[in-house]
Amino acid sequence: MSPTGSDAALCIEAAPCKSFNRAYQIARPGDVVDVAAGSYPSQILYRKANAGPPHVVIRPELGARVVVGDDGATVGCMGFEGATYVTVVGMETAYTTVGGRRHQCGISVGRGRAHDVTLVDIDAGMIWFGADDVTVRGGDFGPSVDENMKIEYGTGHAPRNITIDGAVVHDARSYEQHQECLALWGGRAITIRNSTFSNCETFHIWLEAAGGVISDVLIEGNTFTQPDSSLGIASTIKLGDHGGELRDVVLRNNRILVDDLYVYQGYGERDSTGSITIEDNEVANPISLESGDDCMADATYTPKPGVVYTCRGNRLVAP
């Protein structure tokens, strides 16, 4: 691929094509698409007939910097609308401003029944997840304004099998909307591990089922910090709000290095239910459940029918 290529071409070195989708459509399973350095308009990958494993890999040429995104775009600079069995590596999305603040364009994964998508070492403002079987390895996500990383209902159901591993998520800012670094509003089999969250306005991570079910969530080995003390953070991690069920949610071996916030706020709605385990975390402040129970003590609490918290092994550390 080349910024000066043509989608009427064969997508070979002597006759490069211009769009990710053109290259993806003609690539065979396991093929690698090399992308020449330069700036490209926003890229959307669509459904491909008879797609299957192994993944098609789209990556920059060795040493190349590839930037995608239309001028002034805030979201959708890279989108997966029906694409399956594809890996994109090392791309960067374009920057603009929102409310006078620097904002990096976001990525959308999940419209058109996309699935089996992997993103490796991507540099973007955020990702919207609505697809099944999506893996994010590494990468830098932020700054973003009024557009947060979000896992929620996509094409007809809550996404399943989402993994975020080793990412840096930072500088999620509010202008006209409520903002957090990651909102988990629907999903099953979600893993968030070995990642760093910092400078997140309102929450670092917010799980709320909104009357539905979020299940089998593992938040493990992450670090949460807040170097910018001017941001109006309400809680590092907020679990449960607006009803619904959080089933089999585990927070384990995280470092919560925010010295002026509780890690946990709890369930505020009468019809909320769920099972939550908070274990072996290092925290700068004691973890207090909304019911008033002390999650620094090793115990199982049932503050109201249908809600069970298991607390064990949590310990205080210096911020």
Side-chain angles (χ1 to χ4, degrees), residues 1-5 7 11 16-24 27 32-46 55-81 83 86-111 114 117-129 131 134-150 162-173 179 181-182 194-200:
M1 283 182 56
S2 168
T4 59
D7 278 356
C11 295
C17 52
K18 191 171 185 177
S19 74
F20 288 12
N21 188 62
R22 167 64 173 162
Y24 168 67
V32 175
V33 177
D34 286 322
V35 182
S39 295
Y40 295 76
S42 296
Q43 301 290 315
I44 309 296
L45 281 77
Y46 294 98
H55 283 209
V56 172
V57 177
I58 302 174
R59 68 185 186 189
E61 289 181 334
L62 184 64
R65 181 188 178 203
V66 176
V67 180
V68 298
D70 297 334
D71 289 343
T74 59
V75 295
C77 283
M78 193 185 310
F80 299 80
E81 299 190 7
V86 59
T87 294
V88 178
V89 180
M91 303 298 173
E92 177 183 339
T93 63
Y95 282 82
T96 186
T97 58
V98 174
R101 295 188 177 111
R102 195 164 185 249
H103 170 89
Q104 191 173 14
C105 193
I107 294 172
S108 171
V109 185
R111 293 181 173 87
V117 173
T118 298
L119 301 173
V120 180
D121 295 333
I122 299 295
D123 184 350
M126 49 74 73
I127 302 175
W128 177 82
F129 297 84
V134 180
T135 298
V136 175
R137 296 202 300 270
D140 182 288
F141 302 95
S144 63
V145 182
D146 283 358
E147 294 289 348
N148 56 346
M149 188 175 285
K150 189 178 298 180
I162 307 292
T163 298
I164 300 171
D165 193 341
V168 176
V169 188
H170 63 97
D171 294 291
R173 308 295 176 114
Q179 188 77 334
C181 273
L182 173 61
N194 304 327
S195 296
T196 300
F197 294 80
S198 66
N199 288 341
C200 311

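Here the structure is a predicted model, which means the values were calculated and not measured.
- The environment of CZ in Arg65 is sparse: at most 12 heavy-atom neighbours from other residues, nucleotides or ligands sit within 6.0 Å.
- Not a single donor-acceptor pair under 3.5 Å links the side chain of Asn148 to the backbone N or O of Leu182.
- Taking every heavy atom of both residues into account, Cys105 and Gly76 meet most closely at SG-N, 4.3 Å.
- The two residues Phe129 and Met149 come nearest to each other via the heavy atoms CE1-CG, 3.9 Å.
- At a threshold of 4.5 Å between non-hydrogen side-chain atoms, the residues Val136 and Thr163 do not count as touching.
- His103 places a side-chain N or O within donor-acceptor distance of the main-chain N or O of Thr74, the cut-off being under 3.5 Å.
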Candidate pair Val145 and Arg102, rule side chain to side chain contact (heavy atoms under 4.5 Å, CB included), full reasoning: CA-CA 8 Å; Val145 182; Arg102 195 164 185 249; over 6 Å; no

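- Side-chain N or O atoms of Ser42 include one that pairs as donor or acceptor with a backbone N or O of Asp70 at under 3.5 Å.
- A donor-acceptor pair is defined here as one N or O able to donate and one able to accept, closer than 3.5 Å; no such pair exists between the side chain of Ser2 and the backbone of Pro16.
- Side-chain contact check for Met126 versus Phe141: every heavy-atom pair is 4.5 Å or farther apart.
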Applying side chain to side chain contact (heavy atoms under 4.5 Å, CB included), run through Val33 and Val56 and close with a yes or a no. CA-CA 8 Å; Val33 177; Val56 172; 4.3 Å; yes

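- Nearest heavy-atom pair, Pro3 versus Gly38, reported as atom, atom and distance to 0.1 Å: CG-CA, 4.0 Å.
- Annotation: side chain of Val86 is in contact with side chain of Phe80 (closest heavy-atom distance under 4.5 Å).
- Taking OG of Ser39 as the reference point, atom CD of Glu92 lies at 8.5 Å (rounded to 0.5 Å).
- For Phe197, the ring pair (Phe, Tyr, Trp, His ring centres under 6.0 Å) test picks out Phe224, with sequence neighbours left out.
- Checked by atom type and distance alone, the side chain of Ser195 pairs as donor or acceptor with a backbone atom of Ala167 at under 3.5 Å.
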Going through the distances and angles, do Arg59 and Asp34 end up as a salt bridge (Lys or Arg N to Asp or Glu O under 4.0 Å)? CA-CA 5 Å; Arg59 68 185 186 189; Asp34 286 322; 2.9 Å; yes

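- Looking only at side-chain heavy atoms (C-beta outward), Val109 and Leu119 come within less than 4.5 Å of each other.
- Ala23 and Cys11 get closest at one heavy-atom pair: CA-SG, 4.0 Å.
- Annotation: the span from His55 atom NE2 to Tyr24 atom OH amounts to 9.0 Å, rounded to 0.5 Å.
- One N or O on the side chain of Gln43 and one on the backbone of Phe20 form a donor-acceptor pair closer than 3.5 Å.
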Do Trp128 and Val75 pass the side chain to side chain contact (heavy atoms under 4.5 Å, CB included) test, and can you show the C-alpha distance, the side-chain angles, and the key distance before you say yes or no? CA-CA 9 Å; Trp128 177 82; Val75 295; over 6 Å; no

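- Thr118 is not listed as a side-chain neighbour of Val134, based on a closest heavy-atom distance of 4.5 Å or more.
- Atom CD of Glu81 sits about 6.0 Å away from atom OG of Ser108, to the nearest 0.5 Å.
- A donor-acceptor distance shorter than 3.5 angstrom exists from the side chain of His170 to the backbone of Gly142, with no hydrogens or angles considered.
- Atoms OG and CD1, from Ser144 and Ile127 in turn, are 11.5 Å apart once rounded to the nearest 0.5 Å.
- Every residue two or more places apart in sequence or in another chain was checked for a side-chain hydrogen bond (donor to acceptor under 3.5 Å, both in side chains) with Asp146, and none qualifies.
- With a 4.5 Å cut-off on side-chain heavy atoms, Tyr95 and Pro143 count as touching.
- Here the side chain of Ser19 pairs a donor or acceptor atom with the backbone of Arg22 at under 3.5 angstrom.
- Here the closest non-hydrogen pair linking Ile44 and Asn21 is O-CB, 3.2 Å.
- Summarising the geometry of Gly69 relative to Cys77, their closest heavy-atom pair is CA-SG, 3.4 Å, with the distance given to 0.1 Å.
- A donor-acceptor pair shorter than 3.5 Å can be found between the side chains of Gln104 and Asp123.
- Side chains of Thr87 and Ile58 form no contact here, defined as non-hydrogen atoms less than 4.5 Å apart.
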